[in-house]
J.: 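Just passing along the structure, written as structure tokens.
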Amino acid sequence: MRILVTGAGGQLGATITEVFSSRADVHPFTHATLDIADAAAVTRVVSSERPDVLINCAAYNDVDGAEDGAMDALRGNSFGVLALARAAAASGATLVHYSSDFVFDGTALNPYTEEDPPRPQSVYAVSKLLGEWFAADAPAHYVLRVESLFGGARRRSSIDRIVAAMREGTPSPVFVDRTVSPSYVVDVAEATWMLLTTRAPHGIYHAVNSGATTWHALAQEAARILGLQAELVPVRVADVPMRAKRPQYCALSNARLASAGFVMPRWDDALRRYLDVTM
Ligand SMILES: NC(=O)c1ccc[n+]([C@@H]2O[C@H](COP(=O)([O-])OP(=O)(O)OC[C@H]3O[C@@H](n4cnc5c(N)ncnc54)[C@H](OP(=O)(O)O)[C@@H]3O)[C@@H](O)[C@H]2O)c1
């Protein structure tokens, strides 16, 4: 299988490139080597590389910055995906794209399923939802929604920041009323591999680790695993001024992925594997 990875310098892109390289013919492109919003460049690269699969890990992820930088968010998260979808459609390649829990409004009481209607609450969220719609322009496409990604080699996730503060002994503010289903990049890579290699039905899948947690409980679990005495400062969403609105309850159900053949490990199991590996 010949695979072209875009956004290969990012948290997920670097992991996908590393995990897939021993199994397939992988061609990674970073932001510097391919801007996905440059439609002509995308067409040129896809025509010359002739991939069977295009995996798009590129994204504009500055959630607050997008409120003032809508054009950048739309370029990276929406029109870049349109360019890739058109190139995939023209070349017969399968497109894999990653989206976000932020497409939901966060008012649910139970984990969101793929059938629940999106209600984006910010510019970033709208740009990601548009990306999902544009990805569907490729006849063969998988859109994997992930959230609170962690596990990249550069350790730049929220979990890495919390763990770094614990290690330094500095107080770490953590939400007690934001519920998430975290996603370990290694497990997301394996879910992607399963969908591609089993030729699972195309469409949207929630590819988060199983279960859900608040950021406070997640930080407590990280401290327990590492045997650290953490100084956690409980904060509530309403008390923290943020430019972009965040969905408050965003547990996602990954049952559709499980019925397609891949049961995502629980979030605390994923956290333990990550912290064991990196710490
Ligand atoms: N991180 C999370 O918690 C989270 C949550 C929900 C969904 N997701 C989604 O999961 C996917 C992977 O996220 P991630 O955490 O791996 O992101 P990341 O670490 O921020 O990586 C994104 C990469 O895309 C590159 N990029 C930005 N604009 C580009 C463009 N126009 N053309 C080509 N490359 C471009 C960035 O390069 P520069 O740094 O040079 O700009 C960066 O290397 C994304 O779709 C993201 O929206 C992430």
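Whatever order the structure lists them in is the order used to number ligands and atoms, beginning at 1. Bear in mind the structure is a predicted one, so any value in this text is a computation, not a measurement.
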J.: Side-chain polar contacts of residues 222-239 - donor-acceptor pairs under 3.5 angstrom, sequence neighbours left out - could you list them?
T.:
| unit_1 | atom_1 | unit_2 | atom_2 | d |
| --- | --- | --- | --- | --- |
| R224 | NE | E221 | OE1 | 3.2 |
| R224 | NH2 | E221 | OE2 | 2.9 |

J.: Tabulate distances under 3.5 Å between N/O atoms of ligand 1 and N/O atoms of the protein, writing both atom names on each line.
T.:
| unit_1 | atom_1 | unit_2 | atom_2 | d |
| --- | --- | --- | --- | --- |
| ligand 1 | 3 (O) | L149 | N | 3.1 |
| ligand 1 | 15 (O) | Q11 | NE2 | 3.0 |
| ligand 1 | 16 (O) | Q11 | N | 3.3 |
| ligand 1 | 16 (O) | L12 | N | 2.8 |
| ligand 1 | 17 (O) | N61 | ND2 | 2.8 |
| ligand 1 | 19 (O) | Q11 | N | 2.9 |
| ligand 1 | 20 (O) | N61 | ND2 | 3.2 |
| ligand 1 | 24 (O) | A59 | N | 3.2 |
| ligand 1 | 31 (N) | D35 | OD1 | 2.9 |
| ligand 1 | 32 (N) | I36 | N | 3.0 |
| ligand 1 | 37 (O) | H31 | ND1 | 3.4 |
| ligand 1 | 40 (O) | H31 | ND1 | 3.3 |
| ligand 1 | 41 (O) | H31 | ND1 | 3.0 |
| ligand 1 | 43 (O) | G10 | N | 3.3 |
| ligand 1 | 45 (O) | Y98 | O | 3.2 |
| ligand 1 | 45 (O) | K128 | NZ | 2.8 |
| ligand 1 | 47 (O) | N61 | OD1 | 2.8 |
| ligand 1 | 47 (O) | Y124 | OH | 3.4 |
| ligand 1 | 47 (O) | K128 | NZ | 2.8 |

J.: Walk me through whether R154 and D160 qualify under salt bridge (Lys or Arg N to Asp or Glu O under 4.0 Å).
T.: CA-CA 9 Å; R154 289 201 204 145; D160 294 309; over 6 Å; no
J.: For the pair Y112 and Y249, name the ring-plane relationship: parallel under 30°, tilted 30 to 60°, perpendicular over 60°.
T.: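 The rings of Y112 and Y249 sit tilted, inter-plane angle from 30° to 60°.
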J.: Not counting sequence neighbours, list each pair that qualifies as a side-chain hydrogen bond (donor to acceptor under 3.5 Å, both in side chains) and has a residue in residues 191-208.
T.: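 Sorted result for residues 191-208: Y98-T192, R145-H206.
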J.: Should R2 and D52 count as an ion pair when the cut-off is N to O under 4.0 Å?
T.: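 Not counted as a salt bridge, because no side-chain N and carboxylate O are separated by less than 4.0 Å.
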J.: Residues in salt bridge (Lys or Arg N to Asp or Glu O under 4.0 Å) with R246, at least two apart?
T.: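 Result, salt bridge (Lys or Arg N to Asp or Glu O under 4.0 Å) vs R246: D64.
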